[in-house]
Amino acid sequence: MKLSDMTRDNWALLSFGMVLGLAGTASTLVQPLFIGDLIEAVGADDPVVWPIVFLAALFTIDALLAVGHFYLIGRAGENIVFSMRTTLIGRLLHAEVGAFNRLEHGDIFTRTVADTSVARIAMSTSVAEMITAGFTTAGCVAVMAWIDWRLLLAAVGCLGIASVIALRLARAVRSAAVTNRQDTSALGSGLLRALSALTTVKASRAEAREADRLCELADATRISGLRVTRLSSMLTPAMNVGTQVSLAVVITWGMARVATGTLPIEDLTAFIMYLFYLVSPMVTLFMALGEFQQGRAAIDRVKELAAIQQEPTASTGGTARITGAPAIEFDEVTFTYPDSAVPAISQMSFSLPTTGVTAIVGPSGAGKTTLFQLIERFHHPGQGTIRIAGTDTDAMGLPELRSYIGLVEQDTPLMRGTVWENLTYACPDPSPDDVTEALKAAHLTEVIDKLPHGLDSDLGEGGAGLSGGQRQRLAIARALLARPAVLLLDEATSHLDSDSEAALREALTVLGTRCQVLTIAHRISTALGASHILVVEDGRLRARGTHAELMESDATYQRLVTQQLTPAGAGT
């Protein structure tokens, strides 16, 4: 993400705003000259009505130009931050899952919301202020040199020392701002970590420990923020000291020259006014420079986030389904996570027909969930080919690929909103019959009828308002509503009671007649109802067959069944 990319669309607003600011500066620069003429007219006893009227008009024009300048710059800034946020949102939503999971979610929130606001200042207000303040400073210096260059040298000598100090402070502000943004992100990440597991924190009686840890992060943020404030607060006083000293020198020397007749009083008055006019833009210039340095730190953080690796969305051709081809086919697939040296999936090969119910069983860490992530193309295999309906998934556009697949995840993520919004998330415009069928298949009809507002009932964060089993059934209904060609169920029955599980098994049997249902089964009871079973261990497919076949031929499957079906304490 480049600075020019964010400002290009708003360049006209920024340019016009800066033109108004420069016009206002020009109006300001000529005011002391006319005030000098007014003093001269008073001394000569000439009429002063029209000079006063002219000055009043000049002041009014100056004020109107200032209003237009600040409004246009502010509007451009808001447009820029909107563009930054929408760009980040788009890139985050299309980010590769692996790259996204490596980031701290609290830090993502801070960069998207807070850092973009700080970056807006640097990309609009600070730039405009530096240009207009720089023009004002240069204009004041030029006119002061024209009035009396010797007084200018005396004034600049005092202000120059203060300017050097201010520049050093501005550089220190940026360094401190980087640290403060990092500390703020750490606090956001820590807070999100604790709040996302609030019930676990309470059940573990860890409120005090979490509060202490978060308070330490908040204190680190406070300390780094105070350093930014301390350094920023020195900018104006540094310039004020230089101004006061230069003003004392100019007044003392200037009045001495007026007394000797070598400097007209009106010139001294105009020079002093320009000196006052010079101070404000110089302070503004250095303050804007400090803000720009802070903004640069935020811009760097936004650019880092915007560079997150993206999923490819374009199709490379060949996406039509092949009639009679297997629903899913793995051909010598191997996949290793970036932070691991051991493959999570190793030389996996199998094919599944267009219909039926297939269960995947195996010990924890065997690679079952990774298989689902590869099918959805959340990750890419290092070797081998995955085909859906006979087509290589790498040759399919992601929207088309995922339209074939319905996924119910193990943790059943639901969103804040109504039951209806969660149910129709993958299929926004379903028919009433499809809704009724999906709710019935997921054994949810009675649950919905008991809610205070039915499908319009509101759910809290993560689906709060429903039990764990109800949330899981709602996620299943959401997947079924899209009528996928392949339905992936990751531990779909893990939170269901026995009655709901039996009802779901019956529903899956019916669904298996129209699509391929692939379910990860930790409960052997789920595998018993499957027409086909894959046994996975250490990332490899060690066996496949029916329940009866595997009970006779595979030791791992026998062990898993025995562990679940043997009553606790039996045989002791």
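Starting from 1, each residue takes its place in the sequence as its number. The figures here come from the full heavy-atom set of this structure, side chains too, leaving out hydrogens, waters and symmetry mates.
Distance check, rounded to the nearest 0.5 Å: CG of L481 to OG1 of T436 gives 10.0 Å. For the atom pair CG of D331 and OG of S351, the computed distance is 10.0 Å after rounding to the nearest 0.5 Å. A distance of 6.5 Å separates CG of L305 from CG of L103, quoted to the nearest 0.5 Å. Rounding to the nearest 0.5 Å gives a distance of 10.0 Å between CG of L444 and CG of L480. Atom CH2 in W420 sits 15.0 Å away from atom CG in D458 (nearest 0.5 Å). For the atom pair CG of L560 and CD1 of I533, the computed distance is 10.5 Å after rounding to the nearest 0.5 Å.
Between the side chain of T358 and the backbone N or O of L518, no donor-acceptor pair lies under 3.5 Å. For the pair R91 (side chain) and A306 (backbone), a donor-acceptor distance under 3.5 Å is present. In this structure a side-chain-to-backbone donor-acceptor pair under 3.5 Å is missing from E400 to G397. When atom types are taken as modelled, the side chain of K368 and the backbone of T519 share no donor-acceptor pair closer than 3.5 angstrom. D538 places no side-chain N or O within donor-acceptor distance of the main-chain N or O of R540, the cut-off being under 3.5 Å. Side-chain atoms of S83 do not come within 3.5 Å of backbone N or O of N79 as any donor-acceptor pair. A donor-acceptor contact shorter than 3.5 Å links the side chain of R111 to the backbone of R301. With E78 contributing its side chain and A76 its backbone, the two residues share no donor-acceptor pair below 3.5 Å. Q383 places no side-chain N or O within donor-acceptor distance of the main-chain N or O of Q347, the cut-off being under 3.5 Å. No donor-acceptor pair closer than 3.5 Å links the side chain of E96 to the backbone N or O of E311.
The nearest pair of heavy atoms linking S349 to L541 is O-CD2, 3.3 Å. Nearest heavy-atom pair across C427 and P430 is O-CD, 3.2 Å. Taking both residues in full, the closest heavy atoms of P343 and T334 are given as CB-CG2, 4.2 Å, listed atom of the first, atom of the second, then distance. Between V408 and A479, the shortest heavy-atom distance links the atoms CG2-CB, 3.6 Å. Between L214 and A194 the shortest heavy-atom distance is CD1-CB, 4.3 Å. Pairing each heavy atom of Q516 with each of A327, the nearest pair is CB-CB, 3.8 Å.
Between N180 and T221 the shortest side-chain heavy-atom distance falls below 4.5 Å. Inter-residue side-chain proximity for R227 and T179 is flagged as unmet; no heavy-atom pair is nearer than 4.5 Å. Residues R402 and I405 have side chains not in contact (no heavy-atom distance under 4.5 Å, counting atoms from C-beta outward). Using a 4.5 Å heavy-atom cutoff, the side chains of L439 and E437 are not in contact. Proximity of L455 to T418: side-chain heavy atoms (C-beta onward) are nowhere separated by under 4.5 Å. Contact annotation: the side chain of L528 never approaches that of V561 to less than 4.5 Å [non-hydrogen atoms, C-beta and beyond]. By the 4.5 Å heavy-atom criterion applied to side chains, V361 and L534 are not counted as neighbours. In this structure, T355 and T513 have side chains that are not in contact, with every pair of non-hydrogen atoms separated by 4.5 Å or more.
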Residues V97, Q373; criterion side chain to side chain contact (heavy atoms under 4.5 Å, CB included); working and verdict
CA-CA 9 Å; V97 173; Q373 294 176 338; 5.7 Å; no

Step by step, would you call L451 with L466 a side chain to side chain contact (heavy atoms under 4.5 Å, CB included)?
CA-CA 9 Å; L451 293 176; L466 298 177; 4.1 Å; yes

When you look at F330 and L371, which way does the side chain to side chain contact (heavy atoms under 4.5 Å, CB included) test go after all the steps?
CA-CA 10 Å; F330 273 54; L371 283 176; 3.5 Å; yes

Evaluate the criterion side chain to side chain contact (heavy atoms under 4.5 Å, CB included) for residue pair R377 and D394; output intermediate values, then yes/no.
CA-CA 8 Å; R377 233 170 82 189; D394 282 340; 3.9 Å; yes

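In this structure, the ring-ring contact (aromatic ring centres under 6.0 Å, His included) partners of Y337, at least two apart in sequence or on a different chain, are F335, H379. With sequence neighbours excluded, the residues forming a salt bridge (charged side-chain N to carboxylate O under 4.0 Å, His left out) with R542 are E537, D554, listed by chain and number.
Side-chain contact annotation: R85 with T116, donor-acceptor N/O pair under 3.5 Å present. With hydrogens and angles left out, the side-chain atoms of D490 and T369 include a donor and acceptor closer than 3.5 Å.
Using a cut-off of 4.0 Å between Lys/Arg side-chain N and Asp/Glu carboxylate O, D219 and R222 are scored as salt-bridged. A salt bridge does not link D339 with R102: none of the charged nitrogens is closer than 4.0 Å to a carboxylate oxygen. E216 has no carboxylate O lying under 4.0 Å from a charged side-chain N of R213, or vice versa, which leaves the two without a salt bridge.
The number of heavy-atom neighbours closer than 6.0 Å to CZ of F378, taken from other residues, nucleotides and ligands shown, is above 12. At most 12 heavy atoms of other shown residues, nucleotides or ligands fall within 6.0 angstrom of atom CZ in F109. Atom NE2 of H380 is surrounded by more than 12 heavy atoms from other residues, nucleotides or ligands within 6.0 Å.
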